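Here the structure is laid out as structure tokens; the discussion comes afterwards.
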Amino acid sequence: MAHLFLVKDIAFQAGLSTATVDRVLNGRPGVRRQTEMRVKAAIAELEKQQAGAIGSGRVLAIDIVMETPQRFSDAVRAAFEAEMATFLPGVFRCRFHFAEVMKPGELVQRLDRIRLRGTHGIVLKAADVAEVAAAVARADAAGIPVVTLVTDLPNSARIAYAGADNRAAGETAAYLIGEFLGTDGGKVLVTLSSGRFRGEEEREIGFRRVIRARYPAIGITEISEGHGTDAATGTLAAAALAADPAINAVYSIGGGNRAVLAAFDAAKRPVRVFVAHDLDADNRALLAARRIGFVLHHDLRTDARSAFRAIMSRATALPRTVPASLSSVEIVTPYNMPAGD
């Protein structure tokens with residue numbers, strides 16, 4: 001397998017031992033196909049990152065760990081890769097660890113492995129639970145800065161949060177839906193991927209506060225634990241529609257929007273207004289087709305830039321805690337959708 005990189009660099013990128021990588025590169029027997037594919041993917045990632053990097057200058061290798069649906073992880077990957085080139089001559093090398101569903105114990109195990117192997121920083125989207133906070137504390141004690149992404153762990157040792165003001169985003173969604181439904185009222189289906197994420201909880205709190213204060217004729221039905229996947233979210237949405245004929249609007253906090261719309265279609269029920277989050281590929285298509293009305297978008301490249309700067313501040317011995325730099329929330333319609341990257 002042709003390559004231009006040190007075995008240790010390929011091993012770091014792939015999350016494998018140098019001995020395993022050496023076996024793959026030299027075509028030795030006893031290597032699983034999945035392992036070979038991981039090595040090939042690591043080499044491809046290194047080649048792509050090297051194309052925009054300068055040979056001189058310090059290289060900061062960081063790990064991005066996220067429990068999130070693939071449609072969002074794809075958008076995050078694109079944002080971080082686009083921002084890497086703007087930090088020359090200092091060069092970031094990113095290694096991505098994505099899973100649509102990851103139990104807290106599995107995520108903690110991943111964080112501990114990264115800590116023991118070594119890294120210049122961790123960017124983390126994870127549930128706000130005690131065991132994850134403890135893993136963040138272990139990383140911080142080892143001199144590894146942790147930056148939370150789009151959902152915060154405020155009671156942990158993380159050095160910064162990179163993302164939007166989630167409570168304000170929820171309040172904005174309530175305003176859009178409340179003004180659209182007006183005095184006719186109705187009921188909003190609020191979808192969360194999981195109640196374990198603080199960012200989603202803050203969106204819901206903001207949404208409920210404004211609905212309760214300004215639009216008391218509008219009710220709320222919540223579904224959760226679909227993890228943003230189409231299959232599980234669609235099943236939960238179908239059950240909610242069957243149980244409540246008053247549902248006529250959607251505030252999608254956790255994704256799975258195609259499945260939610262399919263549940264309305266199957267029930268032959270109209271959706272008067274649908275507010276979603278993030279301009280991923282799915283939401284772009286649904287917005288263009290007028291299946292959803294509004295997307296609350298914040299620039300993931302801004303979040304990536306904030307994360308990079310926070311990690312650089314630790315590497316250059318600047319203050320340990322970086323002031324919050326929230327990305328702004330933009331209301332996107334079919335008529336002002338920005339061009340894709």
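For clarity, every value in this text was computed on a predicted model and none was experimentally measured.
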Charged N-O contact under 4.0 Å between Asp112 and Arg115: yes
Leu60 reachable from Val76 in the ILVMFWY side-chain graph, under 4.5 Å edges: yes
Ile114 with Val132, same ILVMFWY side-chain cluster at under 4.5 Å: yes
Any side-chain heavy-atom pair of Leu279 and Pro338 under 4.5 Å: yes
Gap between atom CD1 of Ile253 and atom OG1 of Thr191 - 0.5 Å precision: 7.0 Å
Step-by-step side chain to side chain donor-acceptor pair (under 3.5 Å) determination, Asn283 to Asn257: CA-CA 8 Å; Asn283 283 344; Asn257 298 331; 2.8 Å; yes
Cluster check Leu236, Val190: I/L/V/M/F/W/Y, side chain < 4.5 angstrom: no
Criterion side-chain contact (heavy atoms from CB on, under 4.5 Å) on Leu124 and Arg158, from CA distance to verdict: CA-CA 9 Å; Leu124 178 63; Arg158 60 96 170 119; over 6 Å; no
Distance in Å, His297 NE2 paired with Ile331 CD1, rounded so as to fall on 0.5 Å steps: 13.0 Å
Close side-chain approach of Ile311 and Val123, heavy atoms under 4.5 Å: yes
Steps toward side-chain contact (heavy atoms from CB on, under 4.5 Å) verdict (Thr172, Phe294): CA-CA 11 Å; Thr172 302; Phe294 305 97; over 6 Å; no
Flag, side chain of Thr151 to backbone of Arg198, donor-acceptor distance under 3.5 Å: yes
CA sep, side-chain torsions, deciding dist, call: Glu179, Tyr215, side chain to side chain donor-acceptor pair (under 3.5 Å): CA-CA 9 Å; Glu179 291 297 304; Tyr215 310 101; 2.7 Å; yes
Pair Glu83-Phe92, side-chain contact (heavy atoms from CB on, under 4.5 Å): steps then yes or no: CA-CA 9 Å; Glu83 279 301 304; Phe92 282 94; over 6 Å; no
Whether Asp280 side chain and Ala75 backbone form a donor-acceptor pair below 3.5 Å: no
Option among Ser194, Ser224, Ser193 that satisfies the side-chain hydrogen bond (donor to acceptor under 3.5 Å, both in side chains) test with Glu200: Ser193
side-chain contact (heavy atoms from CB on, under 4.5 Å) evaluation trace for Leu296 with Leu176: CA-CA 10 Å; Leu296 300 180; Leu176 291 171; 4.1 Å; yes
Donor-acceptor pair, side chain of Gln70 and main chain of Glu100, under 3.5 angstrom: no
Any side-chain heavy-atom pair of Leu287 and Thr333 under 4.5 Å: no
Straight-line distance of Glu225 CD to Thr233 OG1, nearest 0.5 Å: 10.0 Å
Gap separating the CG atom of Asp184 from the CZ atom of Arg272, nearest 0.5 angstrom: 5.0 Å
Pair Asp63 + Arg110, salt bridge at N-O below 4.0 Å: no
Same cluster (ILVMFWY, side-chain, under 4.5 Å), Leu300 and Phe308: yes
Polar side-chain atom of Arg290 near backbone of Ala288 as donor-acceptor pair, under 3.5 Å: yes
Exam field: side chain Asp299 to backbone Arg301, donor-acceptor pair closer than 3.5 Å: yes
Candidates Glu171, Glu222, Glu201 - the one meeting salt bridge (charged side-chain N to carboxylate O under 4.0 Å, His left out) with Arg208: Glu222
Ring-face cation contact, Phe98 with Lys125, 6.0 Å cut, 45° max: no
Contact list for residues 239-259, test salt bridge (charged side-chain N to carboxylate O under 4.0 Å, His left out), sequence neighbours left out: Lys187-Asp244, Arg258-Asp282
Spatial distance of atom CD (Glu36) from atom CG (Leu25) [nearest 0.5 Å]: 10.0 Å
Path from Leu189 to Val273 over hydrophobic side-chain contacts below 4.5 Å: no
Row check, Phe207 ring normal vs Arg214 NZ/CZ: under 6.0 Å, within 45°: no
Beyond-backbone contact of Glu81 with Phe96, side-chain heavy atoms, under 4.5 angstrom: yes
Side chain to side chain, Thr68 and Val150, heavy atoms closer than 4.5 Å: no
pair Lys40-Val24: side-chain heavy atoms closer than 4.5 Å: no
Backbone of Val329 reached by a side-chain donor or acceptor of His298 within 3.5 Å: no
Exam field: side chain Arg269 to backbone Ile247, donor-acceptor pair closer than 3.5 Å: yes
Flag, side chain of Thr229 to backbone of Gly226, donor-acceptor distance under 3.5 Å: yes
Asp303 side chain to Ala164 backbone, donor-acceptor under 3.5 Å: no
Non-hydrogen side-chain atoms of Ile122 and Val136 separated by less than 4.5 Å: no
Close side-chain approach of Asn26 and Val31, heavy atoms under 4.5 Å: no
Pairwise distance CZ(Phe197) to CG(Asn166) - rounded to 0.5 angstrom: 12.0 Å
Under 3.5 Å: donor-acceptor pair, side chain of Ser252, backbone of His277: no
